[in-house]
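Residue numbers start from 1 in every chain, and the chains themselves are labelled A, B, ... in the order their sequence lines are given, proteins ahead of strands. Keep in mind that the numbers below use all heavy atoms, side chains included, and drop hydrogens, waters and symmetry copies.
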Number of protein chains: 2
Amino acid sequence: MAARRRPRTGGLSTQRIVRAAIEVLDERGFEALTVRAVADRLDTSSGALYQHIASRDELIVLIADHYLGQARLQAGSGMDWRTGVEELMREMRRVLLEAPLPPSASTDRAIWGPGTLRIVDAALGLFLAAGLTNDQAGFATAAIIDFVFGAVAIQRGSGGRGPHGAGDADDISAFLNTLPPDQYLALRTAGPAFLAASAESVFTQGMALVLDGVTSRFFD
Amino acid sequence: MAARRRPRTGGLSTQRIVRAAIEVLDERGFEALTVRAVADRLDTSSGALYQHIASRDELIVLIADHYLGQARLQAGSGMDWRTGVEELMREMRRVLLEAPLPPSASTDRAIWGPGTLRIVDAALGLFLAAGLTNDQAGFATAAIIDFVFGAVAIQRGSGGRGPHGAGDADDISAFLNTLPPDQYLALRTAGPAFLAASAESVFTQGMALVLDGVTSRFFD
DNA sequence: ACCTGAACACCGTTCAAGT
DNA sequence: ACCTGAACACCGTTCAAGT
């Protein structure tokens, strides 16, 4: 007797589909994340998934929100706003860098699931608790989110070279030497510093700039 | 007699391929930008393009660099650094928003073509001229680039709703009312302000924060 | 050296037909 | 109501064969 082909109990659901998709992603990476691969893992046909998801794109949004939901937020533990916001920004960055998704998955489409809203709420809460107005808290929150997403996207995009990629010194001078000698004068001067900085230090310094801006604009 | 099928003179080249791809993109949008569509426009076969480009991805990087190269930079015209940097940031944003590419095209892969380097060089030049050290200029440049890319990506991704999308007031309160009433307290408070702000004002305010940060950290 | 034409190995999505 | 199985209408990329 052949084994039963459909051992799983219960029917499909959006949640089961998202979970299966995340398993595929974690094990085999983004390029293997096809509708057929998710269906295979659930022992069903690819067409069946469309009763629960509208499209592959919608599935990716749900997955991105799942990863954002992994951020560890310690709400209202009595620290000053800047410490809290720094931790929040580092957590956003961590989950985005750890998610095996291209940056576009988190930006090409709007994500308004619970994982994302939790982070937005936490950021607004920290700024409001520090005494900012609703408008100020909104602008500050948007600014830190924009910065973190941009930093992550550019770091992931530049695989090993460039301002957030930290190639080694030889790579960098080799690259600078390919430039026409009468152009890019500032890049020749500051380029080694710009290109050699680690993604970590670029993020830390950029975050300090943004938060200094919040301080000087909204608290001084 | 049938018309000649191949009226164009000369052979293929990377440059002709990029130009044809941009025409396809401008006329028919990103989803119509297939290797076959570019080949058709050049009256050749899709396979032939691979003698001049390594992959569709490489082609997209070349296209993204082209659009970045459209930024209007008025180098060294004697204005103060902050005015110059603001104009540079607005130009980066403008060309990225006008390019009919998804944000991922500018971030999923590193772009180190002339269009991009010109912008990096201009930013470094403005900061160096203002008296920053190489390291400071590098960090400030990375920070403004991260911020602009993030702001553009999130604005483009959120098509009409969300912090950079500016849905109307009814949409926003309808959305907030779908949230569970015991959660997202800060979002309920500051949400209307956060969600209703126009992408323009969010960008302007965020830019002011970042540049205030540069001032207070590197100039005070 | 460069290009053609066809094939390879896939995709996301739809939909009649079944249960 | 939900799922199967097959098809539709494509993809990016490769490569023998031609010139």
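- In this structure, B:Phe149 has its ring center no closer than 6.0 Å to that of A:Phe149.
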Handout entry: Strand DNA chain C in bracket notation, Watson-Crick/G-U under 3.5 Å with | for pairs to another chain
Key = ||.|||||...|||||.||

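- What separates NE2 of A:His52 from P of C:dG12 is a distance of 19 Å, to the nearest Å.
- Residue A:Leu49 contributes atom CG, which lies 12 Å from atom C1' of D:dT4 at whole-angstrom precision.
- Of the residues in residues 26-37 of chain A, those with a non-hydrogen atom less than 4.0 angstrom from any atom of DNA chain D are A:Arg36.
- Note on B:Ser46: every side-chain N or O is 4.0 Å or more away from OP1 and OP2 of D:dG12.
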Quiz: residues 55-63 of chain A side-chain donor-acceptor pairs under 3.5 angstrom, not counting sequence neighbours:
residue: A:Ser55; atom: OG; partner: A:Asp57; partner atom: N; Å: 3.4
residue: A:Ser55; atom: OG; partner: A:Glu58; partner atom: N; Å: 3.2
residue: A:Arg56; atom: NE; partner: A:Leu33; partner atom: O; Å: 3.3
residue: A:Arg56; atom: NH2; partner: A:Leu33; partner atom: O; Å: 3.2
residue: A:Asp57; atom: OD2; partner: A:Arg109; partner atom: NH1; Å: 3.4

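- C:dA16 and D:dC2 have their C1' atoms separated by 14 Å, with the value rounded to a whole Å.
- Taking atom CD of residue B:Gln51 and atom P of nucleotide D:dA17, one finds them 17 Å apart after rounding to whole Å.
- Proximity of B:Ser45 to the phosphate of C:dA6: no side-chain N or O atom is located under 4.0 Å from OP1 or OP2.
- Under the 30°/60° scheme for interplanar angles, the aromatic rings of B:Phe147 and B:Phe203 are found to lie parallel.
- A donor and an acceptor atom, one from each side chain of A:Thr204 and A:Ser201, are nowhere located under 3.5 Å apart.
- B:Leu49 CG to B:Arg36 CZ: the interatomic distance, rounded to the nearest 0.5 Å, is 11.0 Å.
- Listed by residue number, the members of residues 53-62 of chain B with any heavy atom below 4.0 angstrom from DNA chain C form an empty set.
- One interatomic measurement links the two molecules: OH of A:Tyr50 to P of D:dA6, which rounds to 19 Å at whole-angstrom precision.
- With sequence neighbours excluded, no residue forms a side chain to side chain donor-acceptor pair (under 3.5 Å) with B:Asn134.
- Using a 4.0 Å cut-off between a side-chain N of Lys or Arg and a carboxylate O of Asp or Glu, A:Glu200 and A:Arg93 qualify as a salt bridge.
- Each side-chain hydrogen bond (donor to acceptor under 3.5 Å, both in side chains) pair with one or both residues in residues 179-190 of chain A, not counting sequence neighbours, would appear here, but there are none.
- For A:Thr44, the listed nucleotide lying nearest its side chain is D:dT4; candidates were D:dG12, D:dT4, C:dG12.
- Side chains of A:Arg94 and A:Gln70: no donor on one and acceptor on the other come within 3.5 Å.
- Aromatic pair B:Phe127/B:Phe139: ring centres not closer than 6.0 Å.
- Rounded to whole angstrom, the span from the CG atom of B:Leu42 across to the C1' atom of C:dC2 amounts to 15 Å.
- Rounding to whole angstrom units, CG of residue A:Asp43 and C1' of D:dG5 are separated by 15 Å.
- Salt-bridge formation is not detected for the pair A:Glu86/A:Arg90: no Lys NZ or Arg NE/NH1/NH2 atom is positioned less than 4.0 Å from an Asp or Glu carboxylate oxygen.
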